[in-house]
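The structure under discussion appears below in the form of structure tokens.
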Amino acid sequence: MDTRKLKYFLAVVDHDGFNRAAEHLLIAQPSLSQTIASLEKELGVPLFHRIGRRAVLSEAGKELVGPARLVMRDLDAAQSAVQSLRGMRSGRLDIITMPSPGIEPLTSMIAAFTKLHPWVRLNVGAAFTPEEVIESVRSGSSEIGLAGSPTKIKVPGVEVLELERQPLILIVNPQADTFSPKDTAIQREDLGGHRLIASQRGSLMRWLVDDALAHGVEVEIVVEVAHRTSILPLVLAGVGHAVMPSSWAPTAHKAGLRTLLIEPVNYLDVAVLSRKENLTPAARAFLDVASIHGGHG
């Protein structure tokens with residue numbers, strides 16, 4: 001098995017099919033198909049199921065994605081180590097993030113990173129749980145992961161850099177703002193009688209709402225949202241208030257929305273995760289930026 005075959009395999013995965021992958025690789029589609037067929041013959045298993053014009057990963061194909069990315073990334077690291085002698089002029093960095101850290105601190109860190117290394121391309125994927133971030137970093141699918149958790153993250157074999165603690169806030173529905181204009185904070189009991197837009201179960205934000213309900217605070221969950229990009233538009237539309245980490249506050253304020261700290265305060269601990277070794281220069285440079293952001297640099 002050579003790295004060219006793995007490169008072609010990942011191109012089919014990343015470009016969702018043979019035609020687009022061939023266009024990206026600047027080769028003929030039959031040549032790409034022959035290369036993948038040769039790789040499947042070497043491994044003795046099909047990597048894709050051909051369904052019409054679509055190519056869907058088989059179970060074996062899914063298992064190969066992570067190791068293949070590790071091989072290609074280690075090759076990139078070796079090449080980049082040599083290239084770094086004359087400056088970081090190229091490269092790609094795969095990042096995976098949960099929604100709230102993906103707003104902040106990721107935005108600030110990417111802004112700082114791209115100013116220092118404008119030739120590095122960043123690819124940011126999505127995860128919804130710390131476990132998904134950990135698995136992506138461990139498998140090699142991503143080099144850098146951002147996760148938020150109610151408690152500090154500790155993972156054997158994974159480097160964890162603590163960044164910040166984000167208190168939970170209430171993003172106030174302007175059509176149902178019955179709180180005092182002077183208030184900057186409210187008690188959890190003050191949520192009683194209000195309609196809330198809630199995240200899915202398993203998140204710290206949803207835990208706070210469910211805990212309030214369990215303690216007799218009469219709140220109404222009017223919408224449960226998986227894609228948190230919908231939350232601010234729903235608040236702006238007057239659907240309800242939303243409990244979110246403070247990373248959402250600047251965007252909410254720019255949209256003209258008011259935010260209130262919820263007491264007693266609960267925090268989302270945000271950290272950057274990475275492999276302990278064999279990182280590309282781009283990943284090490286990003287960790288340098290993250291370290292400065294977290295006050296460690």
(request) Starting from the C-alpha separation in whole Å, work towards a yes-or-no answer on side chain to side chain contact (heavy atoms under 4.5 Å, CB included) for Val13 and Leu57. (result) CA-CA 8 Å; Val13 173; Leu57 277 170; 4.0 Å; yes
(request) Determine, stepwise, if the pair Asn266 / Arg188 fulfils side-chain hydrogen bond (donor to acceptor under 3.5 Å, both in side chains). (result) CA-CA 11 Å; Asn266 291 98; Arg188 198 177 300 178; 2.9 Å; yes
(message) Let's go through Leu213 and Val219 carefully: what are the C-alpha distance in whole Å and the side-chain angles of both, what is the deciding distance for side chain to side chain contact (heavy atoms under 4.5 Å, CB included) to 0.1 Å, and is it a yes or a no?
(response) CA-CA 7 Å; Leu213 283 165; Val219 299; 3.5 Å; yes
(request) Verify side-chain hydrogen bond (donor to acceptor under 3.5 Å, both in side chains) between Gln34 and Ser38, making sure each step is shown before the conclusion. (result) CA-CA 6 Å; Gln34 288 172 8; Ser38 174; over 6 Å; no
(request) Take Ser141 and Ile96 through the side chain to side chain contact (heavy atoms under 4.5 Å, CB included) test and state the conclusion after the steps. (result) CA-CA 9 Å; Ser141 293; Ile96 188 166; over 6 Å; no
(message) Apply side chain to side chain contact (heavy atoms under 4.5 Å, CB included) to residues Leu25 and Leu32 and explain how you reach the verdict.
(response) CA-CA 9 Å; Leu25 294 166; Leu32 174 59; 4.1 Å; yes
(message) Walk me through whether His293 and Glu164 qualify under side-chain hydrogen bond (donor to acceptor under 3.5 Å, both in side chains).
(response) CA-CA 9 Å; His293 181 92; Glu164 61 189 36; 3.2 Å; yes
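A salt bridge links Lys152 with Glu162: the distance from a Lys NZ or Arg NE/NH1/NH2 to an Asp or Glu carboxylate oxygen falls below 4.0 Å. A salt bridge links Asp210 with Arg206; the closest basic N to acidic carboxylate O contact falls under 4.0 Å. Between Asp183 and Arg258 there is no salt bridge, since none of the side-chain N atoms of the basic residue sits less than 4.0 Å from a carboxylate O of the acidic one. In summary, Glu218 and Arg195 do not engage in a salt bridge, as defined by a charged side-chain N under 4.0 Å from a carboxylate O. Of the charged side-chain nitrogens involved, at least one lies within less than 4.0 Å of a carboxylate oxygen, so that Glu59 and Lys62 count as a salt-bridged pair.
Contact of the Arg138 side chain with the Ile134 side chain is registered, since non-hydrogen atoms from C-beta on lie closer than 4.5 Å. Contact check for Leu268 versus Ser247: no side-chain heavy atoms found under the 4.5 Å cut-off. Residues Leu204 and Val243 are not in side-chain contact: their nearest non-hydrogen atoms beyond the backbone lie 4.5 Å or more apart. Side-chain contact between Arg228 and Met205: present, with at least one pair of heavy atoms (C-beta onward) separated by less than 4.5 Å. The closest side-chain heavy-atom distance from Met244 to Ser199 is below 4.5 Å. Gln175 has its side chain out of reach of Leu236: every pair of non-hydrogen atoms, C-beta onward, lies at least 4.5 Å apart. Residues Arg165 and Val270 form no side-chain contact, since every pair of their non-hydrogen atoms from C-beta on lies 4.5 Å or further apart.
Side-chain contact of Thr280 with Glu143: a donor-acceptor pair under 3.5 Å is present, judged by distance alone.
For Phe179 and His194, the gap between ring centers is short of 6.0 Å.
Taking all atoms of both residues into account, the shortest heavy-atom contact from Ile171 to Trp248 is CD1-CB, 4.0 Å.
Follow the hydrophobic side-chain contacts under 4.5 Å out from Val124 and you never reach Val133; the two are in separate clusters.
Cation-pi geometry between Arg4 and Tyr8 is satisfied (NZ or CZ under 6.0 Å from the ring centre, within 45° of the ring normal).
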